[in-house]
Engineer: 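What follows is a structure written as structure tokens; I'll ask about it next.
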Amino acid sequence: MLIRKCDRCNKEIKGNYWTIDIYEREDETKRLTADGAANNIQQNMEKIFNNKKEYCKECIEEIRKVIKNVKN
């Protein structure tokens with residue numbers, strides 16, 4: 001049986017786990033930057049080879065607050 005651990009806090013994850021996908025999207029010219037394209041390829045390769053970071057619900061909530069700029 002696989003034991004999952006959160007890649008942020010290292011606690012055991014029981015049940016479902018969370019991942020984060022960060023992609024650059026095209027601008028009005030329908031083009032990506034070289035950095036954005038490289039990032040998107042890396043994100044896709046992590047999915048293909050099942051190397052995505054895995055997070056527990058508590059950590060994903062903290063990450064979400066940072067992304068949304070929510071103050072405590």
Engineer: Just wondering, are more than 12 heavy atoms of other shown residues or ligands nearer than 6.0 Å to CD1 in I3?
Structural biologist: no
Engineer: With a 3.5 Å cut-off and sequence neighbours excluded, list the donor-acceptor pairs that the side chains of residues 9-18 form with protein atoms.
Structural biologist:
none

Engineer: Determine, step by step, whether E46 and K53 satisfy the salt bridge (charged side-chain N to carboxylate O under 4.0 Å, His left out) criterion, reporting the C-alpha distance in whole Å, the side-chain angles of both residues, the deciding distance to 0.1 Å, and the verdict.
Structural biologist: CA-CA 9 Å; E46 288 174 359; K53 301 272 187 196; over 6 Å; no
Engineer: In terms of side-chain heavy atoms, does T33 have a donor or acceptor partner in E24 at a distance below 3.5 Å?
Structural biologist: yes
Engineer: What I want to find out is whether R64 reaches E61 closely enough, with some N-O distance under 4.0 Å, to be called a salt bridge.
Structural biologist: yes
Engineer: Enumerate the salt bridge (Lys or Arg N to Asp or Glu O under 4.0 Å) contacts for residues 31-43, please, sequence neighbours excluded, ordered by first and then second residue.
Structural biologist: none
Engineer: Working to the nearest 0.5 angstrom, can you tell me the gap between Q42 CD and N51 CG?
Structural biologist: 10.5 Å
Engineer: So, the side chain of N39 versus the backbone of I22: is there a donor-acceptor pair under 3.5 Å, distance only?
Structural biologist: yes
Engineer: Under a 4.5 Å cut-off applied to non-hydrogen side-chain atoms, are I63 and Y55 in contact?
Structural biologist: yes
Engineer: Under 3.5 Å, side chain of D7 to main-chain N/O of E54, donor-acceptor pair present?
Structural biologist: yes
Engineer: Within this structure, what is the NZ-CD1 distance for the pair K57 and I60, rounded to the nearest 0.5 Å?
Structural biologist: 9.5 Å
Engineer: If we ignore hydrogens and angles and just use 3.5 Å, is the side chain of K52 paired with the main-chain N or O of I20 as donor and acceptor?
Structural biologist: yes
Engineer: If we only count heavy atoms from C-beta on, is the Y23 to L32 side-chain gap below 4.5 Å?
Structural biologist: no
